[in-house]
Amino acid sequence: MRPLPLLALLLLIPACTTPPTNPSFPLTIEQADRALDDMAAHPRPLRRPLVIIGGFLDPNLSPPYFKSRITHLTGDANQFITVSPGFCNSFAECRQMTIDAVDRAFPSADPSFTTEVDVIGASLGGLVARHAAAPSSDPTRPRRLKIARLFTLASPHAGAVLADRAAVTEFHKAMRPGSPFLMSLAAHDATATYELFAYTRLEDEIVGERNAAPPGQTPYWLGTPPLQLSHVGTMMDPRILADIARRLRGEPGFTVAPPAPFPK
């Protein structure tokens, strides 16, 4: 028998490995698919406007994707605000873009806060939302994003491993673990009034799964299926979508607090 080529052996290794199960997120892909089918057959409307914020260098792909999927599950197409900050030059610009989008769609007379919203943040989008909800450092632009619930998918709350290796601009450097920007943002976490649901998949090659929640917190992690990229796959994982959709519909989610520690 001829030996298997090296590439074939490398492909067999992940194919034969069973991803670990998270006891605080005990949902299989098959169970998630069935739950999504049931929600689509019995839609329930959103409880408040939903902001969907895309990721870094995202050419407006993830916001329409989530809008389409959640519209199908809620039957509610009138309460969405999509924001694509993927080509911003600074977090201040991303913050203002988000607040302006909410104000245009659902104006608020409150001088300090926007209309209350739920938020889904894809990768960078989760960090942008957290920044937009924090107190402003610009006295000429004091308004803040009023969030009820924040759902983040592989967001660099504690930095991104890729930024630590290859940060070029000041915007990139702000996403380095331990940066002054991230430390300043973390200082406001204790006074944040919104509920945070942070999700990630293991072996995240862009952010790093341990960075996907603010310092001192653990995200709801999931094993990455064989032969899939972790970071991009987080955005399309049916298990995460099912948990978010259930909560947006006013139903109990599949995650169980507190989030379980990472597997050793």
Side-chain angles (χ1 to χ4, degrees), residues 51-58 62 83-99 113-114 117 119-139 141-147 149-221 230-232 234-235 240 258-259 261-262:
V51 183
I52 305 171
I53 308 177
F56 184 62
L57 298 181
D58 178 354
S62 55
V83 184
S84 295
F87 296 93
C88 286
N89 294 312
S90 68
F91 275 103
E93 181 183 343
C94 293
R95 173 194 177 106
Q96 198 58 45
M97 177 187 294
T98 303
I99 291 172
F113 288 94
T114 66
V117 296
V119 180
I120 294 176
S123 191
L124 171 69
L127 187 56
V128 169
R130 188 162 147 247
H131 177 45
S136 174
S137 59
D138 183 352
R141 292 182 170 180
R143 287 176 61 72
R144 299 164 61 182
L145 183 65
K146 188 174 183 179
I147 303 177
R149 293 173 299 180
L150 173 57
F151 305 92
T152 67
L153 292 81
S155 294
H157 290 297
V161 293
L162 187 60
D164 207 26
R165 297 168 184 163
V168 179
T169 69
E170 292 303 313
F171 186 36
H172 301 151
K173 292 176 182 178
M175 288 182 274
R176 283 177 169 169
S179 73
F181 168 75
L182 292 177
M183 292 176 66
S184 174
L185 195 56
H188 299 300
D189 285 340
T191 58
T193 58
Y194 55 82
E195 191 174 9
L196 173 64
F197 297 88
Y199 305 89
T200 189
R201 299 208 302 188
L202 298 177
E203 302 175 5
D204 186 304
E205 68 284 359
I206 302 295
V207 167
E209 61 269 23
R210 295 179 183 274
N211 293 331
Q217 301 183 41
T218 302
Y220 287 106
W221 56 266
S230 173
H231 186 77
V232 174
T234 301
M235 313 306 152
I240 295 173
F262 285 107

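All values reported here derive from a predicted model rather than from experimental measurement. Atom set for the values below is all heavy atoms of this structure, side chains included, hydrogens, waters and symmetry mates excluded.
Counting non-hydrogen atoms of neighbouring residues, nucleotides and ligands closer than 6.0 angstrom, the CD atom of Glu203 reaches no more than 12 such neighbours.
Phe151 is linked by a ring pair (Phe, Tyr, Trp, His ring centres under 6.0 Å) to Phe197, counting only residues two or more places apart in sequence or in another chain.
Ring planes of Tyr199 and Tyr220: tilted class, angle from 30 to 60°.
Judged by distance alone, the side chain of Ser84 and the main-chain N or O of Gly54 form no donor-acceptor pair under 3.5 Å. A donor-acceptor distance shorter than 3.5 angstrom exists from the side chain of His172 to the backbone of Thr169, with no hydrogens or angles considered. Judged purely by atom type and a 3.5 angstrom limit, Ser184 has no side-chain atom pairing as donor or acceptor with the backbone of Phe181. The backbone N or O of Asp204 lies less than 3.5 Å from a partner atom in the side chain of Glu209, making a donor-acceptor pair. Of the possible polar contacts, one joining the Arg95 side chain to the Ala134 backbone as a donor-acceptor pair under 3.5 Å is found. Put simply, the side chain of Ser136 gets close to the backbone of Arg141: a donor and an acceptor are under 3.5 Å apart. Put simply, the side chain of Thr114 gets close to the backbone of Lys146: a donor and an acceptor are under 3.5 Å apart. Looking at Glu93, its side chain does come within 3.5 Å of a backbone N or O of Asn89 through a donor-acceptor pair.
For the pair Ser155/Arg130, no side-chain contact is recorded, criterion being any heavy-atom separation below 4.5 Å from C-beta on. Contact check for Val207 versus Pro156: side-chain heavy atoms found under the 4.5 Å cut-off. Side-chain contact between Met175 and Phe91 is present, with at least one heavy-atom pair separated by less than 4.5 Å.
Checking Leu145, Thr98, Leu185 one by one against His131, the side chain to side chain contact (heavy atoms under 4.5 Å, CB included) holds for a single residue, Leu185.
Across every non-hydrogen atom of Ala198 and Ala212, the tightest pair is CB-O, 3.4 Å.
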